[in-house]
Engineer: 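Have a look at this one before I ask anything.
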Amino acid sequence: MLEVDYDNRCARVQPGVTNLAISKAVEGNGFYYAPDPSSQIACTIGGNVAENSGGVHCLKYGLTTNNILGLEIVLTDGEILRLGGKHMDSEGYDLLGLMTGSEGLLGVITEVTVRILPKPTTATALMVSFNSSEAGGKCVANIISAGIIPGGMEMMDGPAIAAAEAFVQVGYPVDVGALLLVELDGPPEEVDYLIEKVSSIAEALDAISVRVSENEIERESFWAGRKAAFPAIGRMTPDYYCMDGTIPRNKLPYVLESMDDMSKKYDLRVANVFHAGDGNLHPLIMYDANIPGELERAENFGADILRLCVEVGGVLTGEHGVGVEKRDLMGEMFSEIDLNQQQRVKCAFDPEQILNPGKVFPTLHRCAELGRMHINRGKLPFPDLPRF
């Protein structure tokens, strides 16, 4: 931690500082850092920027890109580049936005200026259970369409609920099809009003139960199971494959039902834990790599889930990035022209292609080839720029 500036509500940190460490450093003054991935005890802020990570509270408070103000980056020729700072917005092109989520393809992050926020006056969590994931998905869509933006809204299906309760033992009902966690924050009067609204929406969809946290300890216990869902699944299966795709919220019921059909097709169990409010799915495909063919089936199952996400109007990733895993699926979402334009950006920052080679792009052209392709097609948008 290099500096905490409460007057400007920001902190300057080096990239190896963990996500949770930022909130711990400022909580004594009533502040926190909003993006909170489930891995926040271990994931670093530099990694968060590279992947544009989210977390439980990203629905209301935004992803990493909405909570950083500045970056220091070292380019491949050794030049140090500073973007943004403590101010709210920067002049010129949004290079800060370009770098966020760039997966280490454009430069090496050496410093991050993050936005810190005052803790809400009141925060209350609701634990709502349903007979099916489809009903839970409809509740998510109805809450948002009613104009309510919770501080956080997460959902787990039956297998994930059972695993989390066995692991953490926080009082989750294990005989239900889906569990929705909704956190409402703000002034007490507003929170009380929203509790009634959300409860009414849930009951209209035949919710089995609606439980409201009575104090801060109980609120944190509601979230403890969700935060521990991934290691909880690890106790149930020799191996699991965690996917990451994002879909429109109103497609949740259809996608969840389709994943259930895929589970039968591939004869592999799947547990669903996801950021329901913004449609960011994290299916956990359970398999045993020691059984011949199961790893391949798990990978094919995962690829089909991502194709489905794109098919319904979503995207290949929400916060885990593309890397090598989804590289060969980029063509499902982007045309050749799209991919070539993206590679030209990489060439502008990394002409020798030494940063994360082999990642993200299914077919990586040399920078000189890309320049010739665009010149020959007459599609170079800025003729005075260098032709790599």
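The analysis underlying the following values was restricted to heavy atoms, covering all of them including side chains, and did not include hydrogens, waters or symmetry mates.
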Engineer: Should the pair Lys346-Glu103 be classified as a salt bridge under the 4.0 Å nitrogen-to-oxygen rule?
Structural biologist: no
Engineer: Apply ring-ring contact (aromatic ring centres under 6.0 Å, His included) to residues Tyr287 and Tyr241 and explain how you reach the verdict.
Structural biologist: CA-CA 8 Å; Tyr287 70 99; Tyr241 185 24; 7.1 Å; no
Engineer: Please determine whether side-chain contact (heavy atoms from CB on, under 4.5 Å) holds for the pair Leu179 and Tyr172, giving the CA-CA distance in whole Å, both sets of side-chain angles, and the decisive distance to 0.1 Å.
Structural biologist: CA-CA 8 Å; Leu179 195 66; Tyr172 287 173; 3.7 Å; yes
Engineer: Which is it for Glu332 and Lys326 under the salt bridge (charged side-chain N to carboxylate O under 4.0 Å, His left out) test, yes or no, and what are the steps along the way?
Structural biologist: CA-CA 10 Å; Glu332 301 286 335; Lys326 303 171 188 174; over 6 Å; no
Engineer: Do Thr44 and Thr18 have side-chain N/O donor and acceptor atoms under 3.5 Å apart?
Structural biologist: no
Engineer: Please report the C-alpha distance between Met259 and Asn272 in whole Å, then the side-chain angles of each, then the deciding distance to 0.1 Å, and finally whether the side-chain contact (heavy atoms from CB on, under 4.5 Å) criterion is met.
Structural biologist: CA-CA 9 Å; Met259 277 197 281; Asn272 280 289; 3.2 Å; yes
Engineer: Distance from Tyr33 atom OH to Asn48 atom CG, nearest 0.5 Å?
Structural biologist: 6.0 Å
Engineer: Taking the basic N atoms (NZ, or NE/NH1/NH2) and the acidic carboxylate oxygens, is any pair closer than 4.0 Å for Arg12 and Glu111?
Structural biologist: yes
Engineer: Side-chain heavy atoms nearer than 4.5 Å, only ILVMFWY residues, links allowed to pass through others: does that put Tyr266 and Tyr240 together?
Structural biologist: no
Engineer: Judged by modelled atom types alone, do Thr110 and Glu72 share a side-chain donor-acceptor pair under 3.5 Å?
Structural biologist: yes
Engineer: Check the side chains of Asp260 and Ser263 for a donor-acceptor pair under 3.5 angstrom, ignoring hydrogens and angles.
Structural biologist: no
Engineer: Just checking Glu257: does its CD atom have more than 12 heavy atoms from other residues, nucleotides or ligands closer to it than 6.0 angstrom?
Structural biologist: no
Engineer: Going by an N to O cut-off under 4.0 Å, is there a salt bridge joining Asp185 and Lys60?
Structural biologist: yes
Engineer: Please step through side-chain hydrogen bond (donor to acceptor under 3.5 Å, both in side chains) for the pair Thr64 and Asn67, ending with a clear verdict.
Structural biologist: CA-CA 5 Å; Thr64 300; Asn67 288 275; over 6 Å; no
Engineer: Out of His282, Glu154, Arg226, His275, which residue meets the side chain to side chain donor-acceptor pair (under 3.5 Å) rule with Ser38?
Structural biologist: Arg226
Engineer: Verify the cluster assignment for Leu180 and Leu284: are they in a single hydrophobic cluster under the rule of side-chain heavy atoms below 4.5 Å apart?
Structural biologist: no
Engineer: Tell me yes or no: between the side chains of Asp244 and Thr317, is some donor less than 3.5 Å from an acceptor?
Structural biologist: yes
Engineer: Distance from Trp223 atom CH2 to Asp36 atom CG, nearest 0.5 Å?
Structural biologist: 8.5 Å
Engineer: So which atom in Val114 and which in Ile22 form the shortest heavy-atom distance, rounded to 0.1 Å?
Structural biologist: CG2-CG2, 4.2 Å
Engineer: When rounded to the nearest 0.5 angstrom, what is the spacing between CD in Glu190 and CD1 in Ile195?
Structural biologist: 11.0 Å
Engineer: Is Phe274 linked to Ile143 within one hydrophobic cluster, defined over Ile, Leu, Val, Met, Phe, Trp and Tyr using a side-chain heavy-atom separation of less than 4.5 Å?
Structural biologist: yes
Engineer: I'd like to know whether CD of Gln14 has more than 12 heavy-atom contacts from other residues, nucleotides or ligands below 6.0 angstrom.
Structural biologist: no
Engineer: Please examine the side chains of Ile201 and Ile148, heavy atoms only from C-beta on, and report whether any two atoms are closer than 4.5 Å.
Structural biologist: yes
